[in-house]
Amino acid sequence: MQNIYQPNQETYLKAKALFESDEVLAFPTETIYGLGANALSDTAAEKIFALKGRPNDNPLIVHVGNKHQISEYAEIENGIQQVIIDKLMPGPITLLLKKRDIISSVVCNVPYVGIRIPANQIAQELLTTVGLPIAAPSANISGKASPTTAAMVYDNLWERIPMIIDGGESEAGIESSVVQVIFKDEKYTILILRPGFVTKEDLEACFEGEIEVHYSQKNPELSPGMRYKHYSIGGEVRIFSSLEEIRLEKSKKIWVLATQEFLLDHQEFFAQQAGNFLIQERWTYQNLATCAHNLFEKYHYFDMEGVDILYVEQLPEQGIGYSIMNRVKRSAEQHS
Ligand code: TXA
Ligand code: MG
């Protein structure tokens, strides 16, 4: 693992030189690890798409170190966008803003570009040292779970990139919320194109309920990424709410991802089944953020272990639970 670097000023300076020569490298953010390149360079951006095997009509998010830089790369058109920037950035949110021409059209081939300021200290120090806008999708091969550790990035990309900055486990564990402010029928509305770590409730609270916030229905026009296969573990993912839905199948490797509340309720059953399948995690309803934190790490593990069927418990779809279930459902969709 020659390409794993510790986060320090020397690493950031090396990263700066790499970005300036159109190289691609992975770095931690508070959501997941990103695969970054200079957002002003077509050549650099093309490398990201090639490395990930990503369809080129799926735009990349542009990361900057502070709020002052936003208007160099995009236009803030209204007060609603400004409030989102003031109240939620830096943080796990991406806001679509009118793109300035300086941003590479390979990075983003649509009029609105996603701008994000990560709250993670390493990402901030890196972006500040580098001084360039950095285009970065999740640092996985397209279709796989987003990486939440440097080791997961390595398992996806090996030594095909010159640098992976090791920032330990990602705090949030799921990606940023991608949002757009729409003006329609004489009023502003916020659309959540991709639910993420910032919740619908968080956005509503910024405006004390004065602005409506909606989840966009699967609309590939608005968020091209919705069209593609995602979070695949190789095997099949099934969502369950009751014990009856978990079916044993001989000669298949079956694993269960469930809350400690569910496991406790069905303690006897699971004790009897020991050896038939594996109970992998003890999530809790009390703190859904901890479920988000290790979801993708578990997915990656299941993928590496060659699981045939993964049963994932249905969590309450409120707040962060909505965003978690969005990922789980998309991983389950691929087989239905
Ligand atoms: O937390 C995150 O957002 C991470 C870290 C690295 O910042 N990045 C990330 O990027 O998850 P990616 O490319 O894996 O997912 C970005 C999503 C995709 O679904 C893409 O289609 C959508 O955001 N998106 C990006 N730019 C867009 C744009 N200009 N218009 C509409 N959707 C956009
Ligand atoms: Mg991604």
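Atoms within each ligand, like the ligands themselves, are counted from 1 in listed order.
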Undergrad: Which one holds for Cys108 and ligand 1: side chain close, backbone close, both close, or neither close, with close meaning a heavy atom under 4.0 Å?
TA: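 Side chain only.
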
Undergrad: At less than 4.0 angstrom from any non-hydrogen atom of Val178, what atoms of ligand 1 do you find?
TA: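 Those atoms are 23 (O).
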
Undergrad: If only side-chain N and O atoms count, and only distance matters, is there a donor-acceptor pair under 3.5 Å linking Ser146 with Arg327?
TA: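 Their side chains do not contain a donor-acceptor pair, so the 3.5 Å distance test is not met.
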
Undergrad: Inspect the surroundings of CD in Gln121 and state if more than 12 heavy atoms from other residues, nucleotides or ligands are less than 6.0 Å away.
TA: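 Not buried by this count: 12 neighbours or fewer within 6.0 Å.
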
Undergrad: Can you confirm whether more than 12 heavy atoms, excluding those of Glu30, are under 6.0 Å from its CD atom?
TA: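 More than 12 within 6.0 Å, yes.
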
Undergrad: Can you tell me how the ring of Tyr322 sits relative to the ring of Tyr215, calling it parallel under 30°, perpendicular over 60° and tilted otherwise?
TA: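 The arrangement is parallel - the two ring planes meet at less than 30°.
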
Undergrad: Polar-atom distance check: Glu175 versus ligand 1, any N or O pair below 3.5 Å?
TA: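 No, Glu175 has no N/O under 3.5 Å of an N/O on ligand 1.
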
Undergrad: Is Ile233 reachable from Ile141 through a run of I, L, V, M, F, W or Y residues, each pair having side-chain heavy atoms under 4.5 Å apart?
TA: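 Different clusters.
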
Undergrad: Evaluate the side-chain proximity of Ser232 to Lys144: yes if any heavy-atom separation is below 4.5 Å, no if none is.
TA: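 They are in contact (side-chain heavy atoms under 4.5 Å apart), so the answer is yes.
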
Undergrad: Any nitrogen or oxygen of Lys52 lying under 3.5 Å from a nitrogen or oxygen in ligand 1? Just yes or no.
TA: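 No, since none of the N or O atoms of Lys52 sits under 3.5 Å from an N or O of ligand 1.
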
Undergrad: Tell me, please: is Lys99 in heavy-atom contact with ligand 1, that is, under 4.0 Å?
TA: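 False for this residue.
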
Undergrad: The Mg ion (ligand 2) to Asn140: any N/O/S contact under 2.8 Å?
TA: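 Here the distance criterion (N, O or S atom, under 2.8 Å) is not met by Asn140, so no.
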
Undergrad: Starting from Ile80, can I reach Met89 by hopping between I/L/V/M/F/W/Y residues whose side chains sit under 4.5 Å apart?
TA: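 Per the 4.5 Å side-chain linkage, Met89 and Ile80 are co-clustered.
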
Undergrad: Under a 4.5 Å cut-off applied to non-hydrogen side-chain atoms, are Gln6 and Asp166 in contact?
TA: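 In contact.
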
Undergrad: State the atoms of ligand 1, each with its element, that fall below the 4.0 Å cut-off from a heavy-atom position in Ala136.
TA: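 With Ala136 as reference, the close atoms of ligand 1 come out as 6 (C), 8 (N), 10 (O).
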
Undergrad: Relative to the heavy atoms of Thr31, which atoms of ligand 1 are at a distance of less than 4.0 Å?
TA: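 Once the distances to Thr31 are compared, the set is 1 (O), 2 (C), 5 (C).
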
Undergrad: From atom 15 (O) of ligand 1, work out which of His63, Arg194, Glu30 has a heavy atom at the shortest distance.
TA: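 Residue with the shortest heavy-atom distance to the ligand atom: Arg194.
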
Undergrad: Would you call Gln180 a ligand 1 contact, heavy-atom distance under 4.0 Å?
TA: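 The answer is no, since Gln180 has no heavy atom less than 4.0 Å from ligand 1.
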
Undergrad: Looking only at distances, please establish whether an N/O atom of ligand 1 is found under 3.5 Å from an N/O atom of Tyr112.
TA: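 Indeed, backbone or side chain, Tyr112 has an N or O that close.
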
Undergrad: Have a look at ligand 1 and work out which part of Arg54, if any, has a heavy atom under 4.0 Å from it: side chain, backbone, both or neither.
TA: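 The answer is the side chain of Arg54.
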
Undergrad: Between Phe240 and Phe262, is the ring centroid distance below 6.0 Å?
TA: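 Ring centroids of Phe240 and Phe262 are less than 6.0 Å from each other.
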
Undergrad: From the options Pro55, Pro137, Pro92, select the one whose nearest heavy atom is closest to atom 10 (O) of ligand 1.
TA: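 Nearest option to atom 10 (O) of ligand 1, by heavy atoms: Pro137.
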
Undergrad: For a 4.5 angstrom cut-off between non-hydrogen side-chain atoms, does Phe49 reach Glu46?
TA: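 Sidechains of Glu46 and Phe49: no contact.
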
Undergrad: Considering Gly114, Pro59, Ser177, Pro147, which one's heavy-atom position lies nearest to atom 24 (N) of ligand 1?
TA: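 Looking at heavy atoms only, Pro59 sits closest to atom 24 (N) of ligand 1.
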
Undergrad: Is the contact between Arg116 and ligand 1 made by the side chain, the backbone, both, or neither, using heavy atoms and a 4.0 Å cut-off?
TA: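 It is the side chain that gets close, since no backbone atom is under 4.0 Å.
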
Undergrad: Kindly identify the option in Leu35, Asn58, Val110 whose heavy atom sits closest to atom 20 (C) of ligand 1.
TA: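 The option holding the nearest heavy atom is Asn58.
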
Undergrad: Will you find, in the side chains of Glu245 and Ser242, an N or O donor that is under 3.5 Å from an N or O acceptor?
TA: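 Judged by distance alone, the side chains do pair up.
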
Undergrad: Is it the case that ligand 1 has an N or O less than 3.5 angstrom from some N or O of Tyr33?
TA: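 The answer is no, given that Tyr33 and ligand 1 share no N or O pair closer than 3.5 Å.
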
